[in-house]
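The structure appears right after this line, and notes come after that.
Keep in mind the model is a prediction, meaning the values are calculated, not measured.
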Amino acid sequence: MNELYQMVKTGNDWLNGIVWGIPALVLLTGVGLLLTVGLRGFQFRKFGYAMKNTIGKMFQKHTARAGEVTPLQALTTALAATVGTGNIAGITSAVTLGGPGSIFWLWVSALLGMATKYSEVLLSVKFRERNAHGDWVGGPMYYIKNGLGKNWKWLGAIFCIFGGLASFGIGNAVQIGNITDSVNTAIQAFVPSAAEYQVTINIVLALVLMAIVGIVLLGGVKRIGAVTEKLVPVMSVIYILACLAVVLTNVTRVPHVFAMIFQGAFTPKAVTGGVAGMSVKLCIEWGVKRGVFSNEAGLGSAPIAHAASCESNPVKQGLYGIFEVFMDTIVICTLSGLTLLLALDETALHYGVEGTTALNAQALGSVFGSRAGALIIAVGLSLFALSTVLSWGLYGTRCWEFLLGSRAIKPYQFIFTLVVVVSATMDLSLAWSIADTLNGLMAIPNLIALLALCPVVFRATKDHFAAGCRLK
């Protein structure tokens with residue numbers, strides 16, 4: 001068994017090095033930069049307009065017909081997938097392995113990612129179609145098939161293969177594994193002897209989570225939308241307020257931490273105690289990689305959720321993509337990073353060694369106490385991760401449906417639900433690594449499609465504002 005594990009790890013490490021090498025990072029940021037230039041900095045020029053017409057009208061009543069969800073439900077389903085373990089455990093990995101400067105590159109990827117996510121959502125709504133059940137279906141595979149033509153359907157199939165497999169990694173194994181890890185940390189903070197029963201606790205958690213995922217996922221897109229609509233605001237507010245408490249408690253150190261972030265972005269060794277191997281390349285890689293893992297801009301996953309919206313105007317729904325990246329990365333990920341850097345010193349962060357959610361609990365514990373800190377992380381991460389599992393269950397469903405037809409939906413959902421049990425007991429470091437690799441692989445066909453269809457995005461955006469369109 002150990003030999004198989006090492007073979008899988010070695011093979012994945014080799015592939016990961018290629019997928020997340022310099023060419024891939026250049027492609028990812030390059031597409032974002034091209035879209036930003038082509039849209040003339042749309043995400044910056046129209047940021048106020050986007051916020052006013054997304055969060056500003058979030059609670060307006062919308063009527064969704066059969067096979068549709070409201071724009072808010074489409075947003076919260078997509079946010080549920082993006083606001084997950086990447087916002088907590090992922091940022092911890094970025095900071096400990098890439099240094100404080102990784103937060104700067106996280107911001108860069110997010111600012112460009114706003115244009116990328118806007119374009120993905122716009123194209124997804126524009127080129128969506130109804131499936132055999134009458135549901136709106138969309139995403140990269142459909143804007144490849146319907147936008148580039150049926151001769152390019154093979155590229156959409158490649159996206160679906162990687163996306164369908166990624167749903168078991170980023171959307172299941174990583175999320176469930178981090179739930180069990182954080183819950184065990186919280187339980188052991190109150191009952192240290194519970195460490196002896198960790199396997200039993202994991203199995204019980206796995207069975208409970210499997211039941212929840214199965215019930216919601218089998219209920220279809222409307223049930224997923226209804227659940228995430230309630231979960232996302234609650235979990236986000238709880239975590240944001242907890243992090244703000246740490247920031248305000250250490251407010252005098254905020255300028256120093258920002259100096260560490262900016263200095264570390266270009267001279268990482270200067271702020272990490274000269275840790276061997278710490279380089280600008282590593283700093284950029286972890287910042288961009290964890291940024292993409294968190295907000296999913298460029299992966300092509302979130303547009304699958306947005307395609308189900310009852311909104312008929314692609315530009316209007318695309319605005320939610322800008323808000324999504326802003327809330328996920330600029331707000332929540334930044335707060336996670338600041339909380340770690342403000343509350344923990346260099347010794348506690350132990351640069352060069354991948355950190356776990358125990359560091360997040362320790363950071364919050366500096367204000368709320370160790371037990372409360374562990375409990376907040378356990379509750380927050382569990383809600384984040386569970387909602388991500390539900391959304392990625394939908395993404396995987398749409399990918400396998402595109403590949404094999406509607407007959408594949410129920411078998412996939414059954415297997416996806418069973419994998420929850422396996423995910424609760426597997427090695428997290430390998431799960432993260434495999435998820436990173438699959439993320440990079442599914443991004444490639446999506447980015448190719450965005451490059452080919454960017455004129456469609458530019459024209460639709462220009463026409464929307466030229467016609468004096470305003471959201472009602």
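- Ring pair Phe416/Phe168 is tilted by interplanar angle, where 30° to 60° counts as tilted.
- For residues 153-166, the set of pairs meeting the side chain to side chain donor-acceptor pair (under 3.5 Å) definition, not counting sequence neighbours, is empty.
- When Leu364, Leu359, Val257 are each tested for a side chain to side chain contact (heavy atoms under 4.5 Å, CB included) with Leu340, only one passes: Leu359.
- Between the side chain of Thr267 and the backbone N or O of Ala270, no donor-acceptor pair lies under 3.5 Å.
- The stretch residues 253-263 participates, sequence neighbours left out, in no side chain to side chain donor-acceptor pair (under 3.5 Å) pair at all.
- Residues satisfying the ring-ring contact (aromatic ring centres under 6.0 Å, His included) criterion with Tyr351, sequence neighbours excluded, are absent altogether.
- Side-chain contact between Ser119 and Leu39: present, with at least one pair of heavy atoms (C-beta onward) separated by less than 4.5 Å.
- Closest approach of Arg290 to Ser93, counting heavy atoms only: NE-CB, 3.8 Å.
- For Ile376 against Ala242, the heavy-atom pair with the smallest separation is CG2-CB, 4.0 Å.
- Using bins of under 30°, 30° to 60° and over 60° for the plane-to-plane angle, the ring pair Phe326/Phe47 lands in the perpendicular bin.
- Shown here are the side chain to side chain contact (heavy atoms under 4.5 Å, CB included) partners of Ala186, two or more places apart in sequence or in another chain: Ala374, Ala378.
- Contact between Met278 and Leu97 at its shortest, heavy atoms only, is SD-O, 3.5 Å.
- Among residue pairs with one or both ends in residues 5-16, those qualifying as salt bridge (Lys or Arg N to Asp or Glu O under 4.0 Å) are Lys9-Asp13; sequence neighbours excluded.
- Residues satisfying the side chain to side chain contact (heavy atoms under 4.5 Å, CB included) test with Ser370, not counting sequence neighbours, are none.
- For the pair Val254/Phe258, a side-chain contact is recorded, criterion being any heavy-atom separation below 4.5 Å from C-beta on.
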If you apply the rule side-chain contact (heavy atoms from CB on, under 4.5 Å), what do you find for Asn184 with Ile201, and how did you get there? CA-CA 8 Å; Asn184 274 294; Ile201 292 170; 3.8 Å; yes

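- With sequence neighbours excluded, no residue forms a side-chain hydrogen bond (donor to acceptor under 3.5 Å, both in side chains) with Gln362.
- Remark: Arg45 CZ is packed, more than 12 non-hydrogen atoms of other residues, nucleotides or ligands lying under 6.0 Å away.
- Take Lys145 and apply the salt bridge (charged side-chain N to carboxylate O under 4.0 Å, His left out) test, not counting sequence neighbours, and it matches Glu129.
- Annotation: side chain to side chain contact (heavy atoms under 4.5 Å, CB included) contacts of Thr36 (sequence neighbours excluded): Gln43, Phe44, Leu112, Ala115.
- A salt bridge between Arg398 and Glu401 is present, with a side-chain N of the basic residue lying under 4.0 Å from a carboxylate O of the acidic one.
- With 3.5 Å as the limit, one finds no donor-acceptor pair spanning the side chains of Glu324 and Asn295.
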Trace of the side-chain contact (heavy atoms from CB on, under 4.5 Å) decision for Ile322 with Phe42: CA-CA 10 Å; Ile322 295 174; Phe42 176 79; 3.6 Å; yes

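- Partners of Phe159 according to the ring-ring contact (aromatic ring centres under 6.0 Å, His included) rule, which considers only residues two or more places apart in sequence or in another chain, do not exist here.
- Contact check for Asn172 versus Trp392: no side-chain heavy atoms found under the 4.5 Å cut-off.
- Between the side chains of Asn360 and Thr92, at least one donor N or O lies within less than 3.5 Å of an accepting N or O.
- With contacts defined as side-chain heavy-atom distances shorter than 4.5 Å, the pair Leu450/Leu123 qualifies.
- Considering only heavy atoms from C-beta on, Tyr395 stays 4.5 Å or farther from Ser167 through its side chain.
- Using the six-membered ring where Trp is involved, Tyr412 and Trp400 have ring planes that are tilted, between 30° and 60° apart.
- The main-chain N or O of Gly177 is never found under 3.5 Å from a side-chain atom of Asp181 such that the two would form a donor-acceptor pair.
- Looking at Ser309 and Tyr320, their side chains never bring a donor and an acceptor atom within 3.5 Å of each other.
- In this structure, Leu244 and Ile240 have side chains that are in contact, with non-hydrogen atoms separated by less than 4.5 Å.
- A donor-acceptor pair under 3.5 Å is formed between the side chain of Arg371 and the backbone N or O of Ala189.
- Distance check, rounded to the nearest 0.5 Å: CG of Leu349 to CG of Leu344 gives 5.0 Å.
- The only option from Val271, Val95, Thr334, Leu338 that meets the side chain to side chain contact (heavy atoms under 4.5 Å, CB included) definition with Ile261 turns out to be Leu338.
- Residues Val457 and Lys126 form no side-chain contact, since every pair of their non-hydrogen atoms from C-beta on lies 4.5 Å or further apart.
- For Ile161, the side chain to side chain contact (heavy atoms under 4.5 Å, CB included) test picks out Leu165, Leu403, with sequence neighbours left out.
- Taking 4.5 Å as the limit, every side-chain heavy atom of Glu120 sits out of range of all side-chain heavy atoms of Pro140.
- Remark: Phe266 CZ is packed, more than 12 non-hydrogen atoms of other residues, nucleotides or ligands lying under 6.0 Å away.
- The aromatic rings of Phe402 and Tyr142 sit perpendicular to each other, their planes meeting at more than 60°, with 30° as the lower class boundary.
- With sequence neighbours excluded, no residue forms a ring-ring contact (aromatic ring centres under 6.0 Å, His included) with Tyr143.
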